[in-house]
S.K.: 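First the structure, then my questions, so here it is.
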There are 2 protein chains.
Amino acid sequence: MLDDFDLALLDQVQRDDSRTAEQLAESVPLSPSAIARRMRRLRHEGWIARTVALLSPKLTDKRLRALVLVQLGEHADRAGKDALLRRLHTSPEVQFVYEISGTYDLLALLSCEHMDAFVEEAERLFATDATVRRYETSFVKRELKFAPFVRLSGS
Amino acid sequence: MLDDFDLALLDQVQRDDSRTAEQLAESVPLSPSAIARRMRRLRHEGWIARTVALLSPKLTDKRLRALVLVQLGEHADRAGKDALLRRLHTSPEVQFVYEISGTYDLLALLSCEHMDAFVEEAERLFATDATVRRYETSFVKRELKFAPFVRLSGS
DNA sequence: AGTGAAACTCTGGCACC
DNA sequence: GGTGCCAGAGTTTCACT
């Protein structure tokens, strides 16, 4: 489905999507028109979920970020868990949620305006729900790296 | 420095940067030329760090992701910690690193091709370093949400 | 896949409020 | 100040070879 050219293109645009087809042709040995064709296909076939602008830390660092590890109840019912996940999914403060192995079942990262907002949102999301056995919060002191990319080219 | 129009524009493009100035004018009550001017200024002044393409889970879910909580030594020296952070920063498998409060000092998310690659990379990053007191790994079973956006408009 | 022309978008000038 | 409008440059799109 994807050849090496496609992987090379995806590898480029996942790091910088601001380049033109002509500029991409400097990195990938294809003509600009072929690049454009492939990029259109990659988008249409859903290999690229979306293109986003990552904001400067000048904007994001001012906010309070909290890492919440959630342990679910031992026999949490399906409906309660679904409701919890739906709350997490619709909350604009929740940036990531991972289902993980180990003592805790979920990891969520919240980005809030200030501490009061976090406490309120955490209570709404977790405390009032019988599905959640307990949750533990660590606050983010600094973001040291943010590079949500995967190595595709040459693999 | 940033007025409500700028914040509205940033709020839009952090979620979808594929739209033209004319399309953005449907959401932000400005003319396309004013939109384009402001977007150019926002980029030039560094409010937008970069624009990236987020790849489909079809591509990223195949990989093994691991969440590593790292506890540093009680009196880890500056040089050792800097070397650790440099290794984390340059490793292509490391996607995020947060300095956090609580029992553990760092949280890192690794995305590896398979388990062998993870073990090898984790040893290289953490095990051989006296700066690291201990580290604990949880594996990601599922990514339930990924939306690294902050609410800007109307705040 | 590569080459061309048409359509579209962005960039620079200007007058206007 | 910044906004809106219009002409030129640049980019993407869609024929065809």
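Chain naming here is simple, since letters A, B, ... match the order of the sequence lines and numbering starts at 1 in each.
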S.K.: Measure CG/B:Leu30 against C1'/C:dC10 and give the value in whole Å, please.
M.R.: 16 Å

S.K.: Rounded off to whole Å, could you give me the CD1-to-C1' distance for the B:Ile35 and D:dT3 pair?
M.R.: 12 Å

S.K.: Is it true that B:Asp82 and B:Arg86 make a salt bridge, defined as a side-chain N closer than 4.0 Å to a carboxylate O?
M.R.: no

S.K.: Anything below 3.5 Å on both distances counts as a pair; with that, list the stems of at least three consecutive Watson-Crick or G-U pairs involving DNA chain D.
M.R.: C:1-16 with D:2-17

S.K.: Atom CD of A:Gln23 to atom C1' of C:dC10: distance rounded to whole Å?
M.R.: 14 Å

S.K.: At under 4.0 Å between heavy atoms, what does A:Arg37 touch on the DNA or RNA strands: base, sugar-phosphate, or nothing?
M.R.: base

S.K.: Looking only at non-hydrogen atoms, find the nearest pair between B:Val150 and B:Asp11 and report the distance.
M.R.: O-OD1, 3.4 Å

S.K.: Counting only side-chain heavy atoms from C-beta out, which of D:dT13, D:dG4, C:dT3 sits nearest to A:Ser31?
M.R.: C:dT3

S.K.: Charged N to carboxylate O under 4.0 angstrom, A:Lys81 versus A:Glu99?
M.R.: yes

S.K.: Any idea which heavy atoms bring B:Asp105 and B:Leu72 closest together, and the distance?
M.R.: OD2-N, 2.8 Å

S.K.: Roughly, in whole Å, what's the span from CG in B:Asp4 to P in D:dT3?
M.R.: 12 Å

S.K.: Let's test your reading of the model: under 3.5 Å, does the base of D:dG2 pair with the side chain of B:Arg38 as donor and acceptor?
M.R.: no

S.K.: Measure CZ/B:Arg40 against P/D:dG10 and give the value in whole Å, please.
M.R.: 14 Å

S.K.: When you measure from the side chain of A:Ala34, which nucleotide among D:dT3, D:dT13, C:dG2 comes out closest?
M.R.: C:dG2

S.K.: For B:Asp6 versus B:Leu2, what's the shortest heavy-atom pair and its separation?
M.R.: OD2-CA, 3.6 Å

S.K.: B:Asp17 has an atom CG; how far is it from atom C1' of C:dC10, in whole Å?
M.R.: 14 Å

S.K.: Take atom CE of B:Met39 and atom P of D:dT3, then tell me their distance rounded to the nearest Å.
M.R.: 14 Å

S.K.: Across the strands shown, which category fits B:Thr20 at heavy-atom distances under 4.0 angstrom: base, sugar-phosphate, nothing?
M.R.: sugar-phosphate

S.K.: So, applying salt bridge (Lys or Arg N to Asp or Glu O under 4.0 Å) with B:Arg65, which one of B:Glu143, B:Glu93, B:Glu113 is it?
M.R.: B:Glu143

S.K.: Roughly how many Å is it from CD in A:Glu22 to P in C:dG4, rounded to a whole number?
M.R.: 14 Å

S.K.: Looking only at side-chain atoms of A:Ala21, point me to the closest of D:dG4, D:dT12, C:dT9.
M.R.: D:dT12

S.K.: Give me the ring orientation class for B:Phe139 and B:Phe118: parallel if the planes are under 30° apart, tilted from 30 to 60°, perpendicular past 60°.
M.R.: perpendicular

